[in-house]
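Encoded as structure tokens, the structure appears first; notes follow it.
Because the structure is a prediction, the values reported are computed rather than measured.
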Amino acid sequence: MSTDAAEIPAYRYTAELANQIEERWQRYWEDHGTYHAPNPVGALKGDVPADKLFVQDMFPYPSGAGLHVGHPLGFIGTDVFARYHRMNGRNVLHTMGFDAFGLPAEQYAVQTGQHPRKTTEDNINTYLRQIRRLGLGHDERRRISTIDPEYYKWTQWIFLQIFNSWYDADLKRARPIAELISQFESGERDVPGGHTWSELSFADQQRILGDFRLAYMSEAPVNWCPGLGTVLANEEVTADGRSERGNFPVFRKNLRQWMMRITAYSDRLIDDLDRLDWPDKVKAMQRNWIGRSHGARVRFAVGSENIEVFTTRPDTLFGATYMVLAPEHELVDQIATPDRVADIAAYRRAASLKSELDRQENKEKTGVFIGAYATNPVNGKEIPVYIADYVLMGYGTGAIMAVPGQDQRDWDFAKKFDLPIIRTVQPSEGFEGDAFTGDGPAINSGFLDGMAIDDAKKTMIGWLEENGHGRGTVQFKLRDWLFSRQRYWGEPFPVVYDEAGTAIALPESMLPIELPDVDDYSPRTFDPEDADTEPSPPLSRATEWTTVELDLGDGLKTYRRDTNTMPNWAGSCWYQLRYVDPVETERFVNPENEKYWLGPRTEQHGVNDPGGVDLYIGGVEHAVLHLLYSRFWQKVLFDLGHLSGDEPYRRLFNQGYIQAYAYVDPRGVYVPADEVVEQDGKFTYNGEEVRREYGKMGKSLKNVVTPDEMCARYGADTFRFYEMSMGPMDVSRPWATKDVVGAQRFMQRLWRNLVDETDGSLRVTDEEASVEALRLLHKTIAGVHDDYANLRYNTAGAKLIELNNYVTKHYPAGTPRPLAEALVLMLAPQAPHVAEELWAKLGHEGSLAHGPFPAADEQYLVEDTVEYPIQVNGKVRSRVVVSASAGQDEIKAAALAEEKIAELVAGGEPRKVIVVPGRLVNIVL
RNA sequence: GCCCCCGUAGCCCAAUCGGUAGAGGCAGGUCCCUUAAAAGGAUCACAGUACGGGUUCGAAUCCCGUCGGGGGUACCA
């Protein structure tokens, strides 16, 4: 009896052979620095072609679970793109770093006592081993990790740049804070409060500057999450008022925290989206999040006070029949009548106890009358003032004019409290709803009557401005970015506090401010439901670190450090800049290198080109978090003159997700997916029928497939090729291990067409390829070029399979060399190791990483003849072959002369004959 | 509720400007090779594009409606 091994030919392209080849070439690439991309200047200086390409993946957070087959989809996608362009002669920057600060490592540290740095570095090593195994062509000299002190030194430096700048609303750009101070000193700008700058104390000066700085401390309602023991940014809170991570309740609480004045950039962040090559979906999400509304601010007098409201519908002012203030509005106490105080207090208490979730779920209108009446400026009518929790303190002015005729929420409230309703827009015919929000002529509106909404708005804003009752304005939903976290595992703030509690920036020479070692990493967490708790950051317990003696220019003094850390978005805001110049010690990036890799290239991308990474691939989940923050930092650094472009990512592409089936037995327990058997449309595990679910890949769902497994079973090249062939990059699809064999068969066939399986000899011949073969070859080359350039790897792969199948069929004795070489080169971006191996076997020295990529020869792309389908009344009835140079009349004549067609036309005159050159002929009878 | 995207063979997917519905892969049938199986080779079948209407000489593609799936967002005045 013979063993299986003896029957497999020695030189068949098996997983074992693939693994040998892959390991060998990975070592070669590493030894030769094949993927090193030279910089114009600095430590990585080299000869740089003018034509460059910067490709970037959204860098991963190194979790303990390692990679599953879904993760590398984007990584392989960028690698194929990078390899394609590298083979075509471009200087390609492609590398990968790690977004390594964050909660999981800290939570693991709390459980085990292991330092988060150790956990994180172990995980990074696992990731590095996994991505190396995939043969990703990274410039490993450019790897960065956000937790490296040499990296976060510059994160802290950027923080100080932001802290030390202010937004000049007239010039619409950030400027150094020193320029604001000199404006105050010289009197060019009035000091708020009417003070003289030099007479103010240091603390008072800093308090005033805090209202201008782009990073500032504020005591404001923030999202406090007791379950996580930290505060969160708005972007990290879900629509139903819970933490995105951990799903704990989030409460509004007044706390003193670092904020970033991202709202100063609202207009630019919206307007500049037009200059980006990004998916419309992501642009729409950012526009939506920033939420620009055009409208008016209107003042309503209440005795000697004024209530200011924001409205997008100034045209409906005649229909304002009452007003509503947010319960927390500061005017309430001043204008409420004494008899209403008890009710107001009771309502406020009830409102504050409602969680965000309660407010979401129960939209029944509630509120109380506060005894005051306001004057509608447009008609002098006295209208009652209420407080109600459907008006939010955080948007607009925290007060509204209620127009029940045109707003459903106001309608609901008015019905409940029996308030008058005046329609100011004529509802369309047959309208039967409550509030009418459509367009129509103004009614009951004095000088506006008859106008359409747009005209009425303009007219009313003009009237308000003329009579001093208000002005046209723009309102944004975007709020400033809460920038402190009560965590250990993050970047410390590069500031200290003096005795008066004033924040003082540390000089650049003291950076980085490194994290101290502590015994206890845990932020104190609390009962998730208990809103009356206070954050207690782990660093506050590192007393030796928090108190520090420094000489900051006026002698040795005692200062306190900030015990908060930065959110983990900080490190990812600027990593593309550090990839460009990873070892530069004097600056965060050398301007020449930055300009070469990231600067605007108007001759190539048009006059509005903002610069940035040439292709950035990642999931859509960062549409309003990372991608908004990163754009903001880029713009600040651009304004301050540190960068040549004002957008970080010129082109963005969202890859889809690879999902997976999971199987549940009748008890509701997940069973191992790889042991489930499918038969006749039913799924069984150990003979028991199980139910199939579709969703994520995860340990708890027992359906994880790892790239390591796939590499071991098929080899990295086969795995890469399969992943790219599953569908277009941006489509999510289910993982199917059983389908991988298709990719393997292709690789084996291609290998066999070039290499003898039994003795390993080359099966390439000097026979000339037929004209037919050359036509197919050059058509394939042209198509594959196009597909690679447009991220259509699935169709590129299909074209290669088609060409290879042709070779298999027509050249059983051996492959003509031009076909063999072109196949290998075109395969290389997707399956680089086997391509290198075959390229070497074909007798070439060195690597094919830098080309040549085959070019299509025009002479084989033009056909001599064209076969035209002939339609009669839209249905294909026959075909005719015509010379490719034939004119329309010739084609038409040939079609009509065709036997079957002549029969169908039967001597009559067709009503119309449509000739689509190169496509078809349609005869209308 | 509002906004956006998607429905093509049993499954994953092609069809680039409105022009012959099928490139590729999985699964399946038949044949060759083989003692047999695997691997390999050859070959075949399978949908009329979720559904209903419209525009057009011609619709998977454009428009309207319905159904199904996915995503975003929501007392934002």
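A/V731 comes within contact range of the sugar-phosphate backbone alone, with a heavy-atom separation under 4.0 Å but no base atom that close. Residue contacts shown for A/R733 are limited to sugar-phosphate atoms, with no base heavy atom under 4.0 Å away. Nucleic acid contact class of A/P728 (heavy atoms, under 4.0 Å, all strands): sugar-phosphate only. Among the protein residues, A/N790 comes within range of no part of the nucleic acid, since none of its heavy atoms lies under 4.0 Å from any strand. Nucleic acid contact class of A/R287 (heavy atoms, under 4.0 Å, all strands): none. Note on A/K477: a base of the nucleic acid sits closer than 4.0 angstrom, heavy atoms only. Nucleic acid contact class of A/L920 (heavy atoms, under 4.0 Å, all strands): base. Heavy atoms of A/Q871 sit under 4.0 angstrom from at least one base atom. Within the 4.0 angstrom heavy-atom criterion, base atoms lie near A/K365.
With hydrogens and angles ignored, a donor-acceptor pair closer than 3.5 Å exists between the side chain of A/N922 and the base of B/C57.
The six-membered or imidazole ring of A/Y322 lies near that of A/F413, with a centre-to-centre distance under 6.0 Å.
Heavy-atom contacts from other residues, nucleotides or ligands closer than 6.0 Å to NZ of A/K415 number 12 or fewer.
Distance check, rounded to the nearest 0.5 Å: OH of A/Y722 to CG of A/D739 gives 4.5 Å. Atoms CD and CZ, from A/Q406 and A/R423 in turn, are 7.0 Å apart once rounded to the nearest 0.5 Å. In this structure, the separation between CG on A/D730 and CD on A/Q655 is 9.5 Å, given to the nearest 0.5 Å. A/L478 CG to A/R292 CZ: the interatomic distance, rounded to the nearest 0.5 Å, is 12.0 Å. To the nearest 0.5 Å, atom NZ of residue A/K799 and atom OH of residue A/Y788 are 10.5 Å apart.
Among the nucleotides B/A39, B/C26, B/G19, the one closest to any side-chain atom of A/R919 is B/G19. Side-chain atoms of A/D739 lie closest to B/G25 of the nucleotides B/A77, B/G25, B/G24. Comparing atom distances between the A/W289 side chain and each of B/A77, B/U73, B/U16 picks out B/U73 as nearest.
The partner of B/U20 cannot be assigned: no Watson-Crick or G-U wobble pair with both contacts below 3.5 Å exists in any strand. Both distances falling under 3.5 Å, in either a Watson-Crick or a G-U wobble arrangement, place B/G7 opposite B/C67. In this structure, B/G58 makes no Watson-Crick or G-U wobble pair, since no nucleotide meets both defining distances under 3.5 angstrom. A 3.5 Å limit on both hydrogen-bonding distances identifies no Watson-Crick or G-U partner for B/A74. Shown here, B/G48 forms no base pair; nothing in the strands shown gives a Watson-Crick or G-U wobble contact with both key distances under 3.5 Å. In a base pair of the Watson-Crick type (N1 to N3 plus N6-O4 or O6-N4) or a G-U wobble (N1-O2 and O6-N3), with each distance short of 3.5 Å, B/C31 is matched with B/G41.
A residue-by-residue look at A/A743 and A/G727 shows that A/G727 has its nearest nucleotide of RNA chain B further toward the 5' end.
Atom OH of A/Y722 and atom C1' of B/C13 are 11 Å apart (whole Å).
Inspection of the A/N753 and A/T815 side chains reveals no N or O donor paired with an N or O acceptor under 3.5 Å. Between the side chains of A/Q475 and A/Y395, not a single donor N or O lies within less than 3.5 Å of an accepting N or O. Between the side chains of A/Y13 and A/T718, no donor-acceptor pair is found at a separation under 3.5 Å.
For the OP1/OP2 pair of B/G28 and a distance below 4.0 Å, the side-chain nitrogens and oxygens of A/K738 include no atom meeting the criterion. Between A/N805 and B/G25 there is a side-chain polar atom (N or O) within less than 4.0 angstrom of OP1 or OP2. Put simply, A/N794 has a side-chain N or O that comes within less than 4.0 Å of OP1 or OP2 on B/A14. A/R749 has no side-chain polar atom (N or O) that falls below the 4.0 Å cut-off from OP1 or OP2 of B/G24. Regarding contacts with the backbone of B/C57, a side-chain N or O of A/K912 is found under 4.0 angstrom from either OP1 or OP2. The side chain of A/R745 contributes an N or O atom lying less than 4.0 Å from OP1 or OP2 of B/G40.
Using a 90° window around 0 for the glycosidic torsion, B/C17 falls inside it and is classed as syn. In B/G68 the O4'-C1'-N dihedral to the base is more than 90° from 0, which defines an anti nucleotide.
RNA chain B is contacted by no residue of residues 777-785 of chain A, taking any non-hydrogen atom closer than 4.0 Å.
The P atoms of B/G28 and B/A38 are separated by 11 Å, rounded to the nearest whole Å. B/G25 and B/G40 have their P atoms separated by 12 Å, given to the nearest Å.
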